[in-house]
Each structure stands twice: as C-alpha cells, then as structure tokens.
**Q** 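Dropping the structure in here first, questions after.
Lettering follows sequence order; numbering is per chain, from 1. Since we're looking at a predicted model, the values are computed, not measured.
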Number of protein chains: 2
Amino acid sequence: MQTITAATARQFNPAAVMMRGTATMPRRPTAEDGVRRNFSKGEELYAEGDAAEFFYKVVSGTVRICKVLNDGRRQIEAFHLAGDLFGLEHGSEHRFAAEAVDDLVVVVYRGRHLEGLVRDNPDLGGQLMSSVLASLDRARDHMVLLGRKSAREKIASFLLDIAARLADGDRFDLPMQRADIADHLGLTIETVSRTLTQMARDGLIKLAACGRTVVLNNRDQLEALEAA
Amino acid sequence: MQTITAATARQFNPAAVMMRGTATMPRRPTAEDGVRRNFSKGEELYAEGDAAEFFYKVVSGTVRICKVLNDGRRQIEAFHLAGDLFGLEHGSEHRFAAEAVDDLVVVVYRGRHLEGLVRDNPDLGGQLMSSVLASLDRARDHMVLLGRKSAREKIASFLLDIAARLADGDRFDLPMQRADIADHLGLTIETVSRTLTQMARDGLIKLAACGRTVVLNNRDQLEALEAA
DNA sequence: CGGTCGGTTGAGTATGCTCAATCCACGTGG
DNA sequence: CCACGTGGATTGAGCATACTCAACCGACCG
C-alpha cells in the first residue's frame with residue numbers, strides 16, 4: 001500500500017479538490033503540503049480549541065496528546081512515536097493539545113474537513129481510516145488499563161508497550177519524564193517512581209541514566225503482570 | 001448527507017466490489033446486507049476474538065462494548081444507543097465483545113476489510129470516517145474521566161452524557177444496571193450506588209423506579225462537578 | 001412462599017495520594 | 001574550579017478515597 005508522503009499528500013489539497021469537476025488543470029501546491037517542521041522540547045504543536053487545519057506524521061521524536069482540567073489535572077491520551085499519524089479531528093477544532101515531549105520532527109499535511117477528504121480521495125481514505133482505527137484500538141486498550149488495572153499492572157503494560165514500539169531488543173530509553181508517564185497512566189509521579197524502583201529491586205527491570213534507560217530483564221513476568 | 005440504510009449499505013457489498021473493474025453488472029444482494037436483527041437482554045452480538053465480518057447500527061436499545069481480564073475484572077469501553085454505529089475494527093478480529101444491555105434491535109452490515117471498503121466506496125467512506133472519529137472523540141474524553149476524575153465527578157459526567165443522548169428534558173431511564181455503570185466508570189457497584197444516593201440526598205438528582213429513573217434537579221451544579 | 005437478582009448500606013481496610021524532605025545531574029556564573 | 005540554582009527523580013510518613021466483605025432490602029417470579 002502507498003504510504004503518505006509529501007507527494008501523495010498533494011492529492012488531497014483542498015484547492016485541487018475544489019477544482020475537481022470544473023476542469024482538469026494542474027494543482028497549485030501550497031506551502032503547507034507535506035512540509036517538514038521541527039519543534040523543540042516542550043513546544044506546543046497545537047492547543048486545545050485551535051482550528052484543526054492540519055494533521056501530522058512523526059518523523060522522529062515524541063508527541064503527547066493531552067487535556068488539562070480546570071484545576072490543573074492533566075490526562076495524556078497518547079504518545080506518538082516515529083511513523084505515527086495524529087491530529088485528525090472529527091469537528092473543526094482540536095479537542096486536545098499536542099506538545100513535543102523531546103526534540104521533534106514532523107511532516108505537516110493540510111487536512112481540514114476530513115470526511116470530505118476521504119470522500120474525494122478514496123485511496124488515501126483507506127489509509128487514514130486504518131490509522132484512525134488503530135488509534136481507536138489503542139484508546140480502547142488504554143481505557144481498560146485506566147479503569148481496571150493496578151499501579152504495578154499499569155507500569156508493566158506501559159513498559160511493554162513502549163518497548164514494542166521503540167526498543168530494539170530489551171533495552172530502550174524513555175523519551176518522557178515521570179510526570180508524563182503518571183499523567184498517561186492515571187497515577188502520580190511518586191507512584192510511578194516507587195513502582196519502577198520496586199520493579200528494579202525485584203529484578204524485573206534495570207534502570208540507568210537518571211531512570212531514563214530501561215532494560216527488561218524478565219519479559220515473561222512483566223507480561224504476566226500485564227493482566228491481559 | 002446521505003445516511004446509512006439497508007439500501008446504501010448495498011453499495012459496498014464485497015461481491016459488488018470484486019466485480020468492479022471487470023464489468024458493470026448488477027450486484028447480487030446477499031442476506032447479510034443491512035439486515036435487521038433482534039437480541040434479548042444479555043445476549044452477545046459478538047465475542048472477543050470473533051471474526052470482524054459485520055458492523056452494526058443501533059435501531060433501539062443499548063449495546064455495551066467490553067473486555068474481561070483473565071481474573072474477571074471487566075471494562076466497558078462504551079455504550080451505544082439508537083443511531084450509533086459500532087463494530088468497525090482495524091484488524092480482522094473483534095478485540096472487544098458486544099452485548100445487549102436490554103432488548104435490542106440493530107441493523108447488520110457486511111463490512112470486512114474496512115480500509116478497502118473506504119477506498120472503493122468513497123461516499124460511504126466519509127460517513128464511516130466521521131463515525132469512527134466520533135468514537136475516538138468519545139474515547140478520549142472517557143480516558144480523561146477514567147484517569148483523572150473522582151467518583152463523584154465520574155458519576156456527574158456519566159449522568160450528563162446519558163441525559164444528552166437519551167433524555168427529553170431532565171428525566172430519563174438508565175438502560176443499564178449498576179454493575180455496567182461501575183465497569184464503565186472504573187468504580188465498584190457499591191461506590192456507584194453510594195454516590196448516586198448521596199447526590200439524591202444533596203438534591204442534585206432524584207431517583208425512582210428501583211434507581212433506574214433519574215431526574216436531574218440541578219444541571220448547573222452537575223456541570224460544575226463534571227470538572228471539564 | 002421461597003428463591004433470585006439487583007440495589008443499598010455498613011464497617012474496616014488497602015491502595016495510591018498528599019505533603020515534604022532529600023538527592024542527583026547538570027548548567028551557569030563568580 | 002567550585003558554589004549555586006534548577007529541574008527531575010526518589011524516598012518517607014501520614015492520610016483519604018474508594019475498595020472489600022458482608023448483611024440486608026425489595027421487587028419480581030415461579
């Protein structure tokens with residue numbers, strides 16, 4: 001299957017779409033078509049309430065999708081790593097914010113009026129649908145975690161998830177800090193820290209480099225803990 | 001926009017899709033196209049792991065989408081009410097089960113290979129995309145609830161959500177029992193019960209008919225409690 | 001009338017939170 | 001080169017929210 005690149009992205013430029021049905025003339029590319037952009041640690045790609053004009057693909061680095069309640073409590077819905085698509089919205093506004101967890105490179109696509117895009121660009125539609133359904137799958141699993149798992153089970157699931165996505169073997173570096181992990185798992189930083197050090201004491205994992213590097217020593221036991 | 005009916009559903013019958021590009025001949029309708037089906041309280045529409053051959057639209061009644069962990073803990077990802085689409089999957093299997101909460105009528109559509117469907121049926125694609133994105137929106141909000149809200153806030157959010165979806169005014173009947181609410185909100189039945197009766201004592205709501213009928217006495221205060 | 005199912009209520013407890021101190025790595029400036 | 005400040009992580013003590021276990025209630029049904 002064709003993957004989304006700057007070239008294919010041009011196929012659903014709204015200008016090109018509008019021209020459809022009137023005449024077949026060469027599209028006029030805009031600056032926003034599949035443009036690479038860099039963000040540095042902590043920068044906001046878009047805020048809650050911003051118009052949802054673009055969507056994004058991670059080239060390298062990590063993005064967090066989050067919402068902050070009136071009193072400051074925060075929930076991180078998801079982390080997006082290299083290759084992930086994000087920023088597609090149902091309505092015309094972003095309902096969650098997107099922020100760079102570390103130094104980040106993304107490709108930005110113009111993508112307002114998503115339903116229309118899909119209708120007018122069927123080939124891409126399948127691919128976008130696949131990506132959105134994958135997000136929904138992730139979201140469902142995460143609801144099980146948030147609603148029904150203990151702190152230890154949450155951490156075990158999280159480590160295995162991250163490892164599957166960015167470890168080459170059993171060792172990887174966590175791109176995010178404890179506060180991000182806590183707000184993703186519905187815990188406090190203290191509980192995250194305690195649980196990780198306890199797991200290290202139990203020999204399940206090894207921690208290094210300020211707790212940013214993790215080595216999975218006992219995948220079987222972690223998977224048992226996951227409580228799937 | 002066109003809505004999905006038995007008639008439009010025929011447009012993406014896989015048989016018809018396969019015929020495409022070879023010759024334009026009339027499609028052969030199958031029995032599964034937009035067929036109405038009834039389920040009684042507690043019946044399972046599909047189980048976790050079942051092949052994802054169909055998707056569904058609720059005509060009347062309520063569906064719960066859920067997963068049960070190895071030790072019996074259960075999480076209800078969502079309730080679907082009249083008009084909602086559900087059962088679309090990313091992979092070839094259902095990763096959650098669907099069960100009738102009460103007596104239920106649905107329309108069943110054949111919908112394997114979703115990405116392909118969208119590519120080959122652009123008009124429907126937009127509509128399905130819209131529905132899936134709406135589910136994702138709901139899922140995100142629910143993650144905030146599960147991860148960061150107190151029991152009282154969870155119940156307030158839940159009541160307002162259900163009211164918005166099926167109340168005509170401030171009174172409605174809960175289609176599901178306490179255990180379902182608990183497993184949806186990441187609580188126990190006891191906490192759900194206690195919180196509801198406490199809200200009734202506080203005059204926020206009124207309960208009747210074995211706790212199945214709810215009247216919202218003070219929407220403002222409930223919305224304040226929601227902690228959006 | 002007895003049994004079951006769903007809901008409520010009570011008492012005691014555990015898990016994870018709050019508040020607070022401490023530690024450590026790192027970068028900056030005297 | 002070292003003192004200092006800062007941001008992130010860890011650890012400890014006490015506590016609160018929601019859980020567990022258990023009894024009880026009321027409606028419904030055979």
Side-chain angles (χ1 to χ4, degrees), chain A residues 40-42 62 64 69 71-75 101-102 145-159 173-202 205-214 225 227, chain B residues 40-42 62 64 69 71-76 101-102 145-158 173-202 205-214 225 227:
Chain A
S40 48
K41 188 174 169 164
T62 310
R64 61 172 175 252
L69 299 185
D71 64 350
R73 280 173 291 176
R74 185 178 67 152
Q75 178 67 35
V101 169
D102 47 14
L145 178 149
L146 290 171
R148 286 297 176 224
K149 292 191 184 179
S150 71
R152 208 171 160 84
E153 290 166 343
K154 285 177 177 181
I155 296 284
S157 300
F158 175 72
L159 291 178
D173 284 350
L174 290 170
M176 71 293 285
Q177 55 187 53
R178 299 291 185 261
D180 290 326
I181 300 176
D183 288 344
H184 184 48
L185 302 181
L187 299 170
T188 59
I189 46 178
E190 294 94 334
T191 300
V192 171
S193 180
R194 275 185 250 273
T195 307
L196 283 171
T197 52
Q198 190 54 50
M199 281 181 168
R201 280 201 198 98
D202 298 346
I205 59 172
K206 209 170 296 174
L207 293 171
C210 292
R212 284 306 186 95
T213 299
V214 180
L225 250 179
Chain B
S40 49
K41 187 173 171 167
T62 310
R64 61 174 175 250
L69 299 184
D71 64 351
R73 281 174 290 177
R74 185 179 67 153
Q75 177 67 35
I76 296 180
V101 169
D102 47 13
L145 177 148
L146 290 171
R148 287 297 177 224
K149 292 192 184 177
S150 70
R152 208 173 159 83
E153 290 167 345
K154 285 177 177 181
I155 296 284
S157 300
F158 175 73
D173 284 349
L174 290 170
M176 72 292 286
Q177 57 186 52
R178 298 291 185 262
D180 290 326
I181 299 176
D183 288 345
H184 184 49
L185 302 181
L187 299 169
T188 58
I189 46 177
E190 294 93 334
T191 299
V192 171
S193 180
R194 274 186 251 273
T195 307
L196 283 171
T197 52
Q198 189 55 49
M199 280 180 168
R201 280 202 199 98
D202 298 346
I205 59 173
K206 211 170 296 174
L207 292 172
C210 291
R212 285 306 188 93
T213 299
V214 180
L225 250 180

**Q** With the side chain of A:T191 defined as its heavy atoms from C-beta on, choose the nearest nucleotide among C:dG10, D:dT11, C:dG16.
**A** C:dG16
**Q** Take atom CG of B:D173 and atom P of C:dG6, then tell me their distance rounded to the nearest Å.
**A**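 Between P of C:dG6 and CG of B:D173: 17 Å.
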**Q** Is A:T188 near enough to C:dT18 that one of its side-chain N or O atoms lies under 4.0 angstrom from OP1 or OP2?
**A** no
**Q** Heavy atoms under 4.0 Å, any strand shown: does B:R212 hit a base, just sugar-phosphate, or nothing?
**A** sugar-phosphate
**Q** Mind calculating the distance between CG (A:D102) and C1' (D:dG8) to the nearest angstrom?
**A** 16 Å
**Q** Would you mind reading off the distance between B:I189 atom CD1 and D:dC21 atom P, rounded to a whole angstrom?
**A** 12 Å
**Q** Mind checking whether A:K154 and A:T195 have side chains closer than 4.5 Å, heavy atoms only?
**A** no
**Q** Rounded to whole angstroms, how far apart are CE on A:M199 and P on D:dT10?
**A**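 Taking CE of A:M199 and P of D:dT10, I get 13 Å after rounding.
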**Q** side-chain contact (heavy atoms from CB on, under 4.5 Å), that's the test. Do B:D183 and A:R148 meet it? Break it down for me.
**A** CA-CA 8 Å; B:D183 288 345; A:R148 286 297 176 224; 2.7 Å; yes
**Q** Across the strands shown, which category fits B:L187 at heavy-atom distances under 4.0 angstrom: base, sugar-phosphate, nothing?
**A** sugar-phosphate
**Q** Taking C-beta and beyond as the side chain, do B:L207 and B:T213 meet within less than 4.5 Å on heavy atoms?
**A**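 Side chain of B:L207 against side chain of B:T213, heavy atoms only: no contact under 4.5 Å found.
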**Q** Could you tell me the separation between the CD1 atom of A:I181 and the C1' atom of D:dA9, rounded to a whole number of Å?
**A**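 One finds 11 Å between C1' of D:dA9 and CD1 of A:I181, rounded.
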**Q** May I ask you to say what A:G42 touches in the nucleic acid, namely base, sugar-phosphate or nothing, with a heavy-atom cut-off under 4.0 Å?
**A** nothing
**Q** Given C:dT9, D:dT11, C:dG6, identify the nucleotide with an atom nearest to the side chain of B:R201.
**A**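 Nucleotide nearest to B:R201's side chain: C:dT9.
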**Q** Looking at A:R178 and A:G211, would you say the former's side chain and the latter's main chain have a donor-acceptor pair under 3.5 Å?
**A** yes
**Q** Among C:dA11, C:dG16, D:dT11, which is the nearest nucleotide to the side chain of A:A151?
**A** C:dG16
**Q** Considering all heavy atoms of both residues, which atom of A:P175 and which atom of A:V101 are nearest to each other, and what is their separation?
**A** O-CG1, 3.4 Å
**Q** How long is the line joining CG of B:D183 and P of D:dA18, in whole Å?
**A** 17 Å
**Q** What's the CG-C1' distance between B:L185 and D:dC19, to the nearest Å?
**A**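 Going from B:L185 (CG) to D:dC19 (C1'), I get 15 Å.
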**Q** Find which nucleotide of DNA chain C each of B:L196 and A:C210 is nearest to by heavy atoms, and output the residue with the more 5' nucleotide.
**A** B:L196
**Q** Just compare C:dG7, D:dA9, C:dG10 and give me whichever is closest to any side-chain atom of B:E190.
**A** C:dG10
**Q** Rounded to the Å, how far apart are B:K41 NZ and D:dC29 P?
**A**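 Between P of D:dC29 and NZ of B:K41: 11 Å.
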**Q** Reckon B:R178 has a side-chain N or O less than 4.0 Å from the OP1 or OP2 of C:dT8?
**A** yes
